[in-house]
Structure formats: C-alpha cells, structure tokens
Amino acid sequence: MNNGVFAIVEIGSNNTKTHIYEDGKLIYENNATIEFKKNYQLENKINKNDLDQLFAVIKKGFEYTKNIHIYGCSIFRNIKPEELSQINKKLKSEFELEIKVVSQEDEAIFTALGCYNHIDYDGHICVFIGGGGSIELLLIDHKKVIEKKYYNFGVVDITKRFASLKNDIPDCTFDEVSNYVEDLIGNLEMKADILILAGGDHLYWYNHAGYELLENTLYSCDNQKYMITRKMSDEYDQNALITSLDRIRQNSDNPLWFDGSRAMKVITNLVSHKIGAKYIVPTKVNMEDGLKETLNCNENSYF
C-alpha cells in the first residue's frame with residue numbers, strides 16, 4: 001500500500017464516485033450506483049443495504065490507501081443530524097473515517113473549478129452540474145464565476161414523476177417531460193455559447209448509446225476532448241425517448257445507471273436552449289476534479 005496516495009469518495013443521491021490519485025494523477029476511478037435518495041424517500045431513513053454498498057466501496061479504496069476523504073452531497077445535506085451522527089459512528093468504528101457533508105455551493109464551486117481551471121476560452125461558458133437530487137448552473141467568464149443558479153431537484157425526482165422513463169420504451173413523450181422540467185427551472189437569464197455537462201459521467205451515456213461525438217475544437221483540455229452541436233443534441237436527446245433502453249443497458253457494466261439517463265437528457269437539452277448554447281461538451285468531470293487541487297496526502301480536508 002502506497003501512503004503517498006489519497007482517495008476521494010463522493011456520495012451522491014444516486015451514484016457514489018471514487019477517485020484515487022497519486023502525485024495528482026488519477027490511478028483508479030469507479031462509479032457505483034447506490035440509490036440513497038430513492039430508498040430514503042421510501043423508508044424515511046438511509047437504507048442499510050445502501051450503507052453496506054458504501055462500505056464495500058470504501059474497502060476497495062483501502063486496497064490503495066488509508067488516506068480516504070468521504071464527502072456526502074445532495075441527500076446527505078437533508079438527513080437529520082442524529083442519523084448522520086449514527087452513520088459516522090459506524091464509519092469511525094469500521095474505518096476511522098467519517099462523512100463530511102458538502103454544501104450545494106461548495107459542490108458546485110469545486111465541480112466548476114475542475115471544468116474551467118485549465119482551459120482558455122474567450123467567451124461565456126455555462127457549467128451544468130447534474131445529479132440525482134440537485135442541479136447547479138455556473139456561468140464562467142475568463143475563469144471567473146459571474147453567475148450561479150441552484151435547483152433542489154434532479155434526475156431521481158424527474159424519474160419518480162415519470163416512472164416509465166426507466167422502461168425499455170417509455171409511455172411519456174419528450175415534450176411532456178420537458179414541459180414539466182421547464183416549470184421547475186423557470187426563467188433563466190444567463191447566456192453562454194458552450195454548455196459543459198459535469199457532475200456525472202455524461203460520456204457514459206453517449207458511448208453506450210452509440211452516438212457520434214465530435215472532436216472539441218473550441219479549446220484544448222485532456223478531460224474535455226469531445227463536443228456536439230445543439231442540433232446534434234436535439235436529435236440525440238429526443239431519440240433517447242423513442243429507442244430501446246434495454247439495448248443500451250445490455251452492453252453496460254452498470255445497467256442501473258441508465259435509470260436516470262433519459263431524465264438527464266431532457267434536463268440538459270432544455271438548459272442548452274434556455275442559455276442559447278451553440279455547443280455541448282459532455283464530460284466525466286466531478287467535484288473531485290476541483291477538490292483534488294486543494295488536497296494532498298498530508299492534508300485531511302479542505303474544510
């Protein structure tokens with residue numbers, strides 16, 4: 001085991017992401033679908049099986065390092081302090097670790113930082129951060145955040161409202177879901193040429209759905225190599241609700257991940273139109289990409 005390595009585990013409403021770094025370089029990553037929010041809504045408490053899955057994720061991290069930082073987002077911002085305390089007692093007993101709850105503001109800031117910190121673009125960029133329980137939009141101009149918009153809904157909420165989105169072919173139409181999401185988003189004044197999709201593995205969808213991606217000619221960045229035009233996005237996103245989801249799932253190592261994929265496509269499509277984006281840049285950028293720059297193996301956290 002290399003003690004010069006550190007790991008970041010981000011627990012979201014629907015996905016728990018692990019990134020392990022050595023000397024600033026990513027050496028391991030994993031995205032486990034653990035449906036914390038969905039099961040919390042059913043039981044009014046964090047589900048035991050979900051916690052067991054989280055513990056398995058942490059044990060995997062221990063194969064690389066004991067220097068693990070665990071951050072709870074979305075649903076963990078809403079559970080009772082007493083419940084969080086009990087969960088942390090179990091983590092402390094088992095691993096000598098605890099969950100640090102990240103505010104929506106901090107989650108957005110660190111994710112956006114991971115998007116814009118190493119790119120040069122002469123114009124406005126909007127960073128979309130989408131998850132199971134929340135949506136954040138940050139408008140960037142020359143590596144500065146100039147406007148922010150936060151929402152307390154995510155793909156879990158949309159999929160709960162339109163349950164057939166998880167089916168092979170849904171009963172609902174693209175326009176039905178889009179109209180519902182538009183009421184949630186309301187007026188959106190920010191404008192940007194580029195919409196960067198972050199906060200989840202957006203490339204996972206495009207790659208498994210078999211959609212063509214263009215080389216990103218807008219700027220150079222190792223973790224933002226691809227783009228599509230808004231016209232392409234319109235075609236792909238509407239196609240997502242009329243083609244077989246089972247076909248896409250069958251070649252995946254995480255079929256459950258696709259439960260929220262159609263809801264995400266509707267949300268990002270609507271946002272791209274509202275801000276007037278000409279190009280969409282799908283990425284795997286998460287909070288960890290910004291957070292890692294404040295962490296090293298001799299620090300305990302950014303707090």
Side-chain angles (χ1 to χ4, degrees), residues 15 108 111-131 134-141 143 145-151 154-155 158 165 174-175 177-178 181-182 184-185 188-243 248 257-258 260-287 289-290:
N15 291 288
T111 307
L113 178 65
C115 291
Y116 69 77
N117 199 38
H118 299 292
I119 67 174
D120 292 304
Y121 179 75
D122 188 18
H124 284 177
I125 293 173
C126 178
V127 177
F128 169 98
I129 304 159
S134 65
I135 302 291
E136 296 83 37
L137 302 173
L138 283 82
L139 188 64
I140 312 299
D141 182 34
K143 299 186 180 182
V145 178
I146 60 172
E147 191 174 343
K148 295 174 283 189
K149 188 80 172 180
Y150 300 156
Y151 300 94
V155 297
I158 305 306
L165 287 171
F174 184 92
D175 287 344
V177 182
S178 184
V181 175
E182 183 162 20
L184 297 176
I185 291 178
L188 189 56
E189 300 298 328
M190 63 174 67
K191 301 297 176 184
D193 291 336
I194 301 172
L195 179 65
I196 299 177
L197 307 183
D201 191 349
H202 294 272
L203 289 170
Y204 198 74
W205 163 256
Y206 289 100
N207 290 335
H208 283 82
Y211 294 135
E212 178 186 6
L213 296 172
L214 306 175
E215 179 186 354
N216 186 352
T217 57
L218 304 167
Y219 52 81
S220 178
C221 186
D222 286 343
N223 61 6
Q224 299 178 51
K225 292 183 178 180
Y226 305 102
M227 70 178 189
I228 56 175
T229 65
R230 195 174 73 188
K231 181 179 179 181
M232 293 169 66
S233 176
D234 285 345
E235 179 183 346
Y236 294 164
D237 297 341
Q238 295 196 38
N239 185 60
L241 268 71
I242 59 174
T243 58
I248 297 172
W257 184 91
F258 291 92
S261 59
R262 283 170 165 152
M264 183 64 77
K265 290 293 79 194
V266 174
I267 298 169
T268 57
N269 184 275
L270 187 61
V271 170
S272 73
H273 280 269
K274 281 183 170 289
I275 69 169
K278 299 175 183 177
Y279 304 98
I280 292 89
V281 177
T283 78
K284 296 169 61 177
V285 176
N286 289 286
M287 182 178 70
D289 292 280

Could you pull out the closest heavy-atom pair between C115 and V127, with the gap in Å? SG-CG1, 3.8 Å
Assess the side chains of H273 and D234: does a donor N or O sit below 3.5 Å from an acceptor N or O? yes
Looking at residues at least two apart in the chain, or sitting in another chain, which of them share a ring pair (Phe, Tyr, Trp, His ring centres under 6.0 Å) with F174? none
Nearest-0.5 Å distance that lies between atom CG in N117 and atom CG in D289: 10.5 Å
Take atom NZ in K274; do more than 12 heavy atoms of anything else shown fall under 6.0 Å from it? yes
Got a salt bridge between K149 and E189, using NZ or NE/NH1/NH2 to carboxylate O under 4.0 Å? no
Determine whether a donor-acceptor pair (N or O, by modelled atom type, separation under 3.5 Å) exists between the side chain of N216 and the backbone of Q224. yes
Indicate yes or no for a side-chain donor-acceptor contact from R230 to the backbone of I280 under 3.5 Å, with no hydrogens or angles considered. no
Is N207 reaching over with its side chain to a backbone N or O of W205, donor-acceptor style, under 3.5 angstrom? no
Donor-acceptor pair, distance only, cut-off 3.5 Å: does the side chain of T111 make one with the backbone of A108? no
Considering non-hydrogen atoms only, spot the tightest contact between K191 and H124 and give its length. O-ND1, 3.4 Å
Please round to the nearest 0.5 Å and tell me the distance separating atom CG of L188 and atom CG of L137. 6.0 Å
If we ignore angles and hydrogens, is there a donor and acceptor under 3.5 Å between the side chains of E212 and Y206? no
Given the rule in the side-chain contact (heavy atoms from CB on, under 4.5 Å) test, do V266 and D237 qualify, once you have shown the distances and angles that lead to the verdict? CA-CA 7 Å; V266 174; D237 297 341; over 6 Å; no
Provide the closest heavy-atom pair for V145 versus K148 in the form atom of the first, atom of the second, distance. CG1-CG, 3.7 Å
Nearest 0.5 Å, please: how far is CD in E147 from CD1 in I275? 10.5 Å
Yes or no on side-chain contact (heavy atoms from CB on, under 4.5 Å) for F128 and I196, after CA distance, side-chain angles and deciding distance? CA-CA 6 Å; F128 169 98; I196 299 177; over 6 Å; no
A side-chain contact here means heavy atoms from C-beta on lying under 4.5 Å apart; do I194 and Y121 qualify? yes
Would the Y204 and H208 ring centres measure less than 6.0 Å apart? yes
More than 12 heavy atoms of other groups within 6.0 Å of Y279 OH: no
For the CD1 atom of I242 and the CG atom of N239, what is their distance to the nearest 0.5 Å? 5.0 Å
Are N286 and I129 close enough, and set up right, to give a side-chain contact (heavy atoms from CB on, under 4.5 Å), and what steps lead you there? CA-CA 8 Å; N286 289 286; I129 304 159; over 6 Å; no
Which heavy atom in A112 sits nearest to a heavy atom in L138, and how many Å separate them? CB-CD2, 3.9 Å
Flag the pair K143 and D120 as a salt bridge only when some basic side-chain nitrogen lies within less than 4.0 angstrom of an acidic carboxylate oxygen. yes
Could you tell me the separation between the CD1 atom of I140 and the CD1 atom of I146, rounded to the nearest 0.5 Å? 8.0 Å
Rounded to the nearest 0.5 Å, how far apart are NZ of K265 and CG of L241? 11.5 Å
Keeping T283 on the side-chain end and L197 on the backbone end, is there a donor-acceptor pair under 3.5 Å? yes
Please find the pair of heavy atoms, one from I125 and one from Y219, that lie closest to each other, and give the distance. CD1-CE2, 4.5 Å
With heavy-atom distances below 4.5 Å as the criterion, would you say the side chains of L214 and M232 are in contact? yes
Worked check of side-chain contact (heavy atoms from CB on, under 4.5 Å) between I158 and L184: CA-CA 10 Å; I158 305 306; L184 297 176; 3.7 Å; yes
Just by distance, with hydrogens left out, do S233 and E235 show a side-chain donor and acceptor under 3.5 Å apart? no
Residues forming a side-chain contact (heavy atoms from CB on, under 4.5 Å) with S220, sequence neighbours excluded: none
Are the side chains of L213 and L203 in touch, meaning some heavy atoms are under 4.5 Å apart? yes
Is it the case that the side chain of Y151 and the backbone of I185 share a donor-acceptor pair, with hydrogens and angles ignored and the cut-off at 3.5 Å? yes
Test item: side-chain donor near acceptor, N269 and Y236, under 3.5 Å: no
Closest approach of Y211 and A240, non-hydrogen atoms and distance? OH-N, 3.9 Å
